[in-house]
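The first residue in the sequence is number 1, and the count goes up from there.
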Amino acid sequence: MAESTLNGCCDESPANPKDFNPKMQRRRRSGKLQLFDIQNPIPAEVADADELKKVFREYHLVPYAGSTMDSGHSLLVWYLSLAKLSNTHGTCISKLGKYAFGGKAVFVSTEDPEYQITGVEPKQVSPETGAAYYEALTQNVTFSGGARNFHRSVGWSTKATGNAFVELVMASTLGQNHFNIVYHKPTHCLYRNTEPGEMRVIGVSPIWTEEYIRRKGIRWVPLYPNFVKESDGTLRTMFHHKSGENSWYGRPDTDFADLQKAQEAQHALYLIKQANANFMGQLIIEVEDDNPENGSALDDQDSQLKGFDSFADEFEHNYTMKSDDPQAVLLSSRPFGSRPMFVFQVKPNTNENWYKVTGDDAADRIMRAHGCTKRFLGFEVTSGLSGADAYFTDHIVNMEPVINEYRNEILIFTNSILSAIWDLNNTPQLNEISLSFTSPIQGVVDDFKQRQQNQPQENGILNNGIRGSQIQSGG
């Protein structure tokens, strides 16, 4: 089996934790200034444990990053953590999903996804045609969690990890076909490492440990248009949507703001540990050494016997934020007549202005990566547009294109699954209709646009009444 180089995050060389520990490696000082000598902590955070690397090697699985021989699959977990722990990143994903798929599902005429042939946007079909399509859809197709939640899950997975996996299950009863469309979490699906040109197969398992796989096994599902037939006669195939041009797995379309997402999460965790756990800041401690005949007070060998790398490592894991439950008090006795112990605390950074400035900068960069504005996320904005209609103008000019592009990306993927269903069910005429969603505020936005069209026009441009701000006809 050939080794597969995978979509690596920056440097694909294996990460050695010792390279990121100043206690365990000393560097020769350079006579010149090195601007990029600071180690990047992220590779160490996404390095896989030896047990996980063994699973990828033995079962010929393709990890999310790294290679089959030296995986970096923990990068996927890191991306999922950022979507939960970075407030701005998570809020952007959530709100974009609500506006893209928060309204009711509607049926529209199918249009070419790349070319606008008719000169108008796709329109909803007639009530009669919609009713016939609705009957065929509800009788033959089931979305896991319902159509709206299914599409929001697919969208969230795409934004958070750059991937969405959907399994199509076809079962026949008394000549009647029924199709179940199942969303899978991105952590449950892994490609098998196949040669170029071979059929691609995806393994499905909720847990990727050697012990669990030995007991439960891996369920293999081929990528569409190939199917696997189960013993009960059901047919299964997998659809995979990915962002980017990588060979196996996609990446979030906002990955250029990954450092700012991590910064937000780290700042929040730092403050929580400081406030809630009375976490001890950095310390400089100087103590008088013991009698040379009795050994050193800083005994690295004794700490190593306890499982630590050194005395400093043992101290850190007992009294600083590196410990899950750090001790708050250090109590020790000293020989009579010895000099006092010297302790100097490098206080934790509690500069409110520093956190505000760096936090605002990180949030701005994350919002720009998503294409979101502050108004859309609910922030008060004092500059730019003003007046009662400022939100609607901002939404129409800045957010509608972003939301529509996001909605269309996901709908092209999900409608391709429906198209495969209609072909399998011998009803290709249903491909002339596509599934779409309305915005939850579409009604008030349409009312706003109508009000603008009813106002006097000057040189073909509509005045929206917001202190000289203008929008073109049609929004």
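Between Phe376 and Leu96, some side-chain heavy-atom pair lies under the 4.5 Å cut-off. In this structure the side chain of Thr414 reaches within 4.5 angstrom of the side chain of Ile410, judged on heavy atoms. Contact annotation: the side chain of Ser436 approaches that of Leu411 to within less than 4.5 Å [non-hydrogen atoms, C-beta and beyond]. At a threshold of 4.5 Å between non-hydrogen side-chain atoms, the residues Met399 and Cys372 count as touching. No side-chain heavy atom of His241 sits less than 4.5 Å from a side-chain heavy atom of Ile412. Side-chain contact check for Trp78 versus Asp258: some heavy-atom pair is nearer than 4.5 Å. The shortest side-chain heavy-atom distance between Arg192 and Val62 does not fall under the 4.5 Å cut-off. For the pair Ser86/Gln260, no side-chain contact is recorded, criterion being any heavy-atom separation below 4.5 Å from C-beta on.
Classified by interplanar angle (parallel below 30°, tilted 30° to 60°, perpendicular above 60°), the ring pair Phe56/His73 is tilted. Between His395 and Tyr391, the angle of the ring planes stays under 30°, which puts this pair in the parallel group of the 30/60° scheme.
No donor-acceptor distance shorter than 3.5 angstrom exists from the side chain of Ser157 to the backbone of Ser153, with no hydrogens or angles considered. In this structure, the side chain of Arg200 does not engage the main chain of Leu223 through any donor-acceptor pair within 3.5 Å. A donor-acceptor pair under 3.5 Å is absent between the side-chain atoms of Glu167 and the main chain of Val182, judged by distance alone. Using a distance-only test at 3.5 Å, with no hydrogens or angles considered, a donor-acceptor pair links the side chain of Asn415 to the main chain of Leu435. Judged by distance alone, with hydrogens and angles left aside, the side-chain atoms of Thr237 form a donor-acceptor pair with the main-chain N or O of Asn226 at under 3.5 Å. Judged purely by atom type and a 3.5 angstrom limit, Thr88 has no side-chain atom pairing as donor or acceptor with the backbone of Ala363. Between the side chain of Glu264 and the backbone N or O of Asn87, at least one donor-acceptor pair lies under 3.5 Å. No donor-acceptor pair closer than 3.5 Å links the side chain of Asp361 to the backbone N or O of Val357. The main-chain N or O of Phe413 is found under 3.5 Å from a side-chain atom of Ser416 such that the two form a donor-acceptor pair. Counting only distance, with no hydrogens or angles, the side chain of Asn163 and the backbone of Thr161 share a donor-acceptor pair below 3.5 Å.
Between Asn149 and Tyr183, the side chains place no donor N or O within less than 3.5 Å of an acceptor N or O (distance only, hydrogens not considered). The closest side-chain donor-acceptor pair between His178 and Gln139, if any, does not fall under 3.5 angstrom. Residues Asp394 and Thr373 bring a donor and an acceptor atom of their side chains to less than 3.5 Å of each other. A donor-acceptor pair shorter than 3.5 Å cannot be found between the side chains of Ser205 and His188. Remark: the Lys261 side chain and the Thr254 side chain contain an N/O donor-acceptor pair separated by less than 3.5 Å.
Aromatic rings of Phe165 and His184 (six-membered ring for Trp) have centroids beyond the 6.0 Å cut-off, not under it.
Listed by chain and number, the residues in a side chain to side chain donor-acceptor pair (under 3.5 Å) with Asp50 amount to none (sequence neighbours excluded). Checked against side chain to side chain contact (heavy atoms under 4.5 Å, CB included), Asp364 has the following partners two or more places apart in sequence or in another chain: Met367, Arg368, Lys374. When the salt bridge (charged side-chain N to carboxylate O under 4.0 Å, His left out) test is applied to Asp360, the partners found at least two apart in sequence or on another chain are Lys356. Listed by chain and residue number, nothing satisfies the side chain to side chain donor-acceptor pair (under 3.5 Å) test with Gln263 (two or more places apart in sequence, or in another chain). For His151, the ring-ring contact (aromatic ring centres under 6.0 Å, His included) test picks out Phe101, Phe143, Phe437, with sequence neighbours left out. Under the rule for a salt bridge (charged side-chain N to carboxylate O under 4.0 Å, His left out), Lys229 has no partner lying at least two apart in sequence or in another chain. Applying the salt bridge (charged side-chain N to carboxylate O under 4.0 Å, His left out) rule to Glu230 yields the partners Arg236; only residues at least two apart in sequence or on another chain are considered. Listed by chain and number, the residues in a salt bridge (charged side-chain N to carboxylate O under 4.0 Å, His left out) with Glu211 are Arg215 (sequence neighbours excluded).
Listed here is the closest heavy atom pair of Lys242 and Gly244: NZ-O, 3.7 Å. Of all heavy-atom pairs spanning Tyr79 and Ala160, the tightest one is CB-O, 3.6 Å. What you find for Phe150 and Ser144 is that their closest heavy atoms are CB-O, 3.6 Å.
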Q. Does the pair His370 and Val402 meet the rule for a side-chain contact (heavy atoms from CB on, under 4.5 Å), with working shown?
A. CA-CA 8 Å; His370 281 281; Val402 175; over 6 Å; no
Q: Apply the test side-chain contact (heavy atoms from CB on, under 4.5 Å) to residues Ser310 and Ser303: give CA-CA distance (whole Å), side-chain angles for both, the deciding distance (0.1 Å), then the verdict.
A: CA-CA 6 Å; Ser310 62; Ser303 297; 5.8 Å; no
(Q) Evaluate Ile181 against Leu418 for side-chain contact (heavy atoms from CB on, under 4.5 Å), listing each step before the verdict. (A) CA-CA 9 Å; Ile181 303 177; Leu418 290 175; 4.2 Å; yes
Q. side-chain contact (heavy atoms from CB on, under 4.5 Å) between Val169 and Leu235: does it pass, once the steps are laid out?
A. CA-CA 6 Å; Val169 183; Leu235 297 176; over 6 Å; no
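With values rounded to the nearest 0.5 angstrom, Leu424 atom CG is found 7.0 Å from Leu168 atom CG. Atoms CG and OG, from Asp423 and Ser419 in turn, are 5.0 Å apart once rounded to the nearest 0.5 Å. The OH atom of Tyr99 sits 11.5 Å away from the CD atom of Gln442 when rounded to the nearest 0.5 Å. Between the CG atom of Asn425 and the CG atom of Asn177 there is a distance of 5.0 Å, given to the nearest 0.5 Å. In this structure, CD1 on Ile366 lies 8.5 Å from CG on Leu82, to the nearest 0.5 angstrom. Here Ile218 contributes atom CD1 and Leu61 contributes atom CG; the two are 5.0 Å apart, rounded to the nearest 0.5 Å.
Residue pairs meeting the ring-ring contact (aromatic ring centres under 6.0 Å, His included) criterion with at least one member in residues 189-223, sequence neighbours excluded, are Tyr191-His240, Tyr191-Trp248, Tyr191-Tyr249. Annotation: salt bridge (charged side-chain N to carboxylate O under 4.0 Å, His left out) contacts involving residues 151-163, sequence neighbours excluded, comprise Lys159-Asp253. Applying the salt bridge (charged side-chain N to carboxylate O under 4.0 Å, His left out) test to pairs two or more places apart or on separate chains, those with a residue in residues 201-210 are Lys54-Glu210, Glu210-Arg214. Screening residues 90-104 for salt bridge (charged side-chain N to carboxylate O under 4.0 Å, His left out) gives no qualifying pairs among residues at least two apart or on separate chains.
A cation-pi arrangement is present between Arg251 and Tyr64, with the terminal nitrogen or guanidinium carbon under 6.0 Å from the aromatic centre and inside a 45° cone about the axis.
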